[in-house]
Protein chains: 2
Amino acid sequence: MLTFERQELILSLLKENQIVKIQQLVEETQASESTIRRDLTELESQKRLKRVHGGASLITKKLEEPSLLEKQSKYSAEKSTIGKYAASLVKEGDSVFIDAGTTTKTMAEYLHGKEIVVVTNGLNIITDLLDNGIKTYLLGGYVKAGTHALIGRGAVESLNSYQFDKAFIGANGADTESGFTTPDPEEALIKSTAIDKANNAYVLADHSKFGDVSFSKIKNLNEAEIITSEKLDKELQDKYRKYTELKVVHIN
Amino acid sequence: MLTFERQELILSLLKENQIVKIQQLVEETQASESTIRRDLTELESQKRLKRVHGGASLITKKLEEPSLLEKQSKYSAEKSTIGKYAASLVKEGDSVFIDAGTTTKTMAEYLHGKEIVVVTNGLNIITDLLDNGIKTYLLGGYVKAGTHALIGRGAVESLNSYQFDKAFIGANGADTESGFTTPDPEEALIKSTAIDKANNAYVLADHSKFGDVSFSKIKNLNEAEIITSEKLDKELQDKYRKYTELKVVHIN
DNA sequence: TCAAAAATCAATCACTTTCAATCAAAAACA
DNA sequence: TGTTTTTGATTGAAAGTGATTGATTTTTGA
């Protein structure tokens, strides 16, 4: 087989599968591992694909650079750890809803290469998902300026045509009396609906969210599990455990 | 065998197989390797094929989509002018569909401040629209890796809940026989549906698109007006005017 | 959590194939 | 016949190949 031929084959396999492993390519092309590696290096330098450990993935143009603001945002280490743990809950074959927001965004990069289907209402996390070779569906609807979340009738209707194994939701407040809350009623409706459509619902919340109450209620505490970090006081952890299950993540 | 004869044979073998090896050609033509090499060199200089190490390949890439990056660089001045004119067609109060793509993207920045509602299937133009203060709705559906266009059942269903005063569509080919075409059938369906739902439909096409034919048909030429530029030959302009209205934009 | 085990990686070697350049013989032409 | 064009063989250079190495990364399991 000609070099050119083989490289085209690699690209077409990649387009089909979003992501390919080197061993897979060795089998398909009957070439040695070395040769495949050289092909991948060359194709990457041509910007026709992106190499990842163990194989290659489709290249995607960034929708937006991760803004400085996001990087500097509060508790980013904590959020990242929470996101990583949330990603570990996702198993091969799962269908998953991931909410718009900064905490949920950190999940995306840890989902790399998993054979799953993700539905989201957050434009901010689309590129992360695609870069990691995830099959991604987006809700339709009105694009809220600022957060770039999808809301409104269209979004809810879109949502109603899906079922999820797991839903990962962000919230601005988690309070024993008021439950999970968020400022925008429209967003609250999306989050609430997503929880309803999932077998397992998780709210991702760093320690600063506990005790806070926002304008719009999403759900009661007992309607979703909480993923948080050890930064939350032991006392408070125990308090909240009376209302719902709490997954407390250790921070490095 | 005559030189000319042999070269035609090479080309016809190439068309059959997309790619041919030198040894294969030596066998078929009973000529020496050197002769074949000379033929290939000559045919390549005539741009009738592309040499690759070990053989030659066709230069056609109609089924392949140029990457977003490639698209953006080509004819950008022309596209920008076309986009500007398209934006000028939009009146206050209009509800407008804007297709995913690079040409349509240039529209967005010229819509600044207009009191309109925009629906789009292109993630690549969302930020431009929001930055210019446009009320923006997004179709739902599957996010196509690479172009970041929304496609699939969800996208079509979303589309069906809207009505547009005007739709602005991109296409890869515009041909008198084959009509408007684009490589991906899923995208073709979205474009076609959007045209159906609009009182006025416009296809934005720079001069390079005319006469080209891609894999999937969108609509016949007479089902939308074309916005193009004066870079399109006068002769061709007249030819296409027999099939549909042509808005020819002057480039500064 | 941490360290051992496994997998993946880039770099290099020896070997094969393909390449362009050259030259002389054969064929075509006048 | 002599001249030009085409052809096939030869050659050293360039490109491509698979195997092996030891370094790096990821996964596993105590």
Side-chain angles (χ1 to χ4, degrees), chain A residues 1-11 13-14 17 19-46 48-57 77-78 80-85 87-92 107-116 131-134 229-231 247-252, chain B residues 1-11 13-14 17 19-46 49-57:
Chain A
M1 188 181 311
L2 268 45
T3 305
F4 172 82
E5 216 175 350
R6 191 181 51 241
Q7 292 183 351
E8 290 299 315
L9 178 58
I10 290 174
L11 287 172
L13 285 168
L14 189 54
N17 305 334
I19 192 163
V20 284
K21 294 196 177 67
I22 291 210
Q23 282 316 315
Q24 199 178 330
L25 293 175
V26 168
E27 277 181 39
E28 292 279 353
T29 63
Q30 299 290 339
S32 73
E33 206 177 294
S34 296
T35 299
I36 298 296
R37 284 184 197 291
R38 275 186 282 252
D39 283 340
L40 294 185
T41 307
E42 189 182 339
L43 289 169
E44 181 175 45
S45 77
Q46 293 172 8
R48 305 232 276 162
L49 53 73
K50 193 177 90 184
R51 291 193 72 176
V52 296
H53 195 86
S57 81
E78 185 179 1
S80 174
T81 315
I82 291 173
K84 183 175 183 179
Y85 176 78
S88 76
L89 296 178
V90 178
K91 305 298 173 205
E92 296 285 311
M107 272 188 77
E109 60 188 285
Y110 294 109
L111 291 173
H112 180 82
K114 286 194 173 158
E115 268 292 324
I116 57 176
D131 283 349
N132 286 297
I134 309 286
S229 84
E230 60 186 357
K231 277 206 176 177
K247 294 181 188 299
V248 180
V249 182
H250 176 71
I251 300 180
N252 294 326
Chain B
M1 190 183 303
L2 268 48
T3 303
F4 169 80
E5 213 175 336
R6 191 181 52 242
Q7 292 186 352
E8 288 303 314
L9 177 56
I10 290 174
L11 287 173
L13 284 169
L14 190 53
N17 306 335
I19 190 165
V20 284
K21 299 183 200 2
I22 293 218
Q23 282 316 314
Q24 199 178 329
L25 293 174
V26 168
E27 279 180 39
E28 293 279 353
T29 63
Q30 298 292 337
S32 72
E33 205 177 295
S34 296
T35 300
I36 299 296
R37 284 184 197 290
R38 274 186 282 255
D39 284 339
L40 293 184
T41 308
E42 191 181 340
L43 289 169
E44 181 176 44
S45 76
Q46 294 171 10
L49 54 74
K50 192 178 94 185
R51 290 193 72 177
V52 296
H53 196 88
S57 87

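Computed from a predicted structure; not experimentally measured.
- Across all strands shown, Val52(A) has heavy atoms under 4.0 Å from sugar-phosphate atoms exclusively, and none from any base.
- Each of dA20(C), dA10(C), dT1(C) was ranked by its minimum atom distance to the side chain of Arg51(A); first place goes to dA10(C).
- Rounded to whole angstrom, the span from the CZ atom of Phe4(A) across to the P atom of dT17(C) amounts to 23 Å.
- Gln23(B) has its CD atom 6 Å from the P atom of dT18(C), to the nearest Å.
- Atom CG in Leu40(B) sits roughly 15 Å away from atom P in dA21(C) (whole-Å rounding).
- Pairing for dC19(C) goes to dG12(D), judged as Watson-Crick or G-U wobble with the two contacts each under 3.5 Å.
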Worked check of side-chain contact (heavy atoms from CB on, under 4.5 Å) between Val20(B) and Leu49(B):
CA-CA 11 Å; Val20(B) 284; Leu49(B) 54 74; over 6 Å; no
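- Of the charged side-chain nitrogens involved, none lies within less than 4.0 Å of a carboxylate oxygen, so that Arg38(B) and Glu42(B) do not count as a salt-bridged pair.
- Applying the salt bridge (Lys or Arg N to Asp or Glu O under 4.0 Å) test to Glu28(A) and every residue at least two apart in sequence or in another chain returns nothing.
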Going through the distances and angles, do Glu27(A) and Lys21(A) end up as a salt bridge (charged side-chain N to carboxylate O under 4.0 Å, His left out)?
CA-CA 10 Å; Glu27(A) 277 181 39; Lys21(A) 294 196 177 67; over 6 Å; no
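- When the C1' atom of dT18(C) is taken as reference, atom CD1 of Ile22(B) falls 8 Å away, rounded to whole Å.
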Once each nucleotide of nucleotides 15-30 of chain D is scored for protein heavy atoms under 4.0 Å, what B/S/- sequence comes out, 5' to 3'?
SSBBBB-----S----
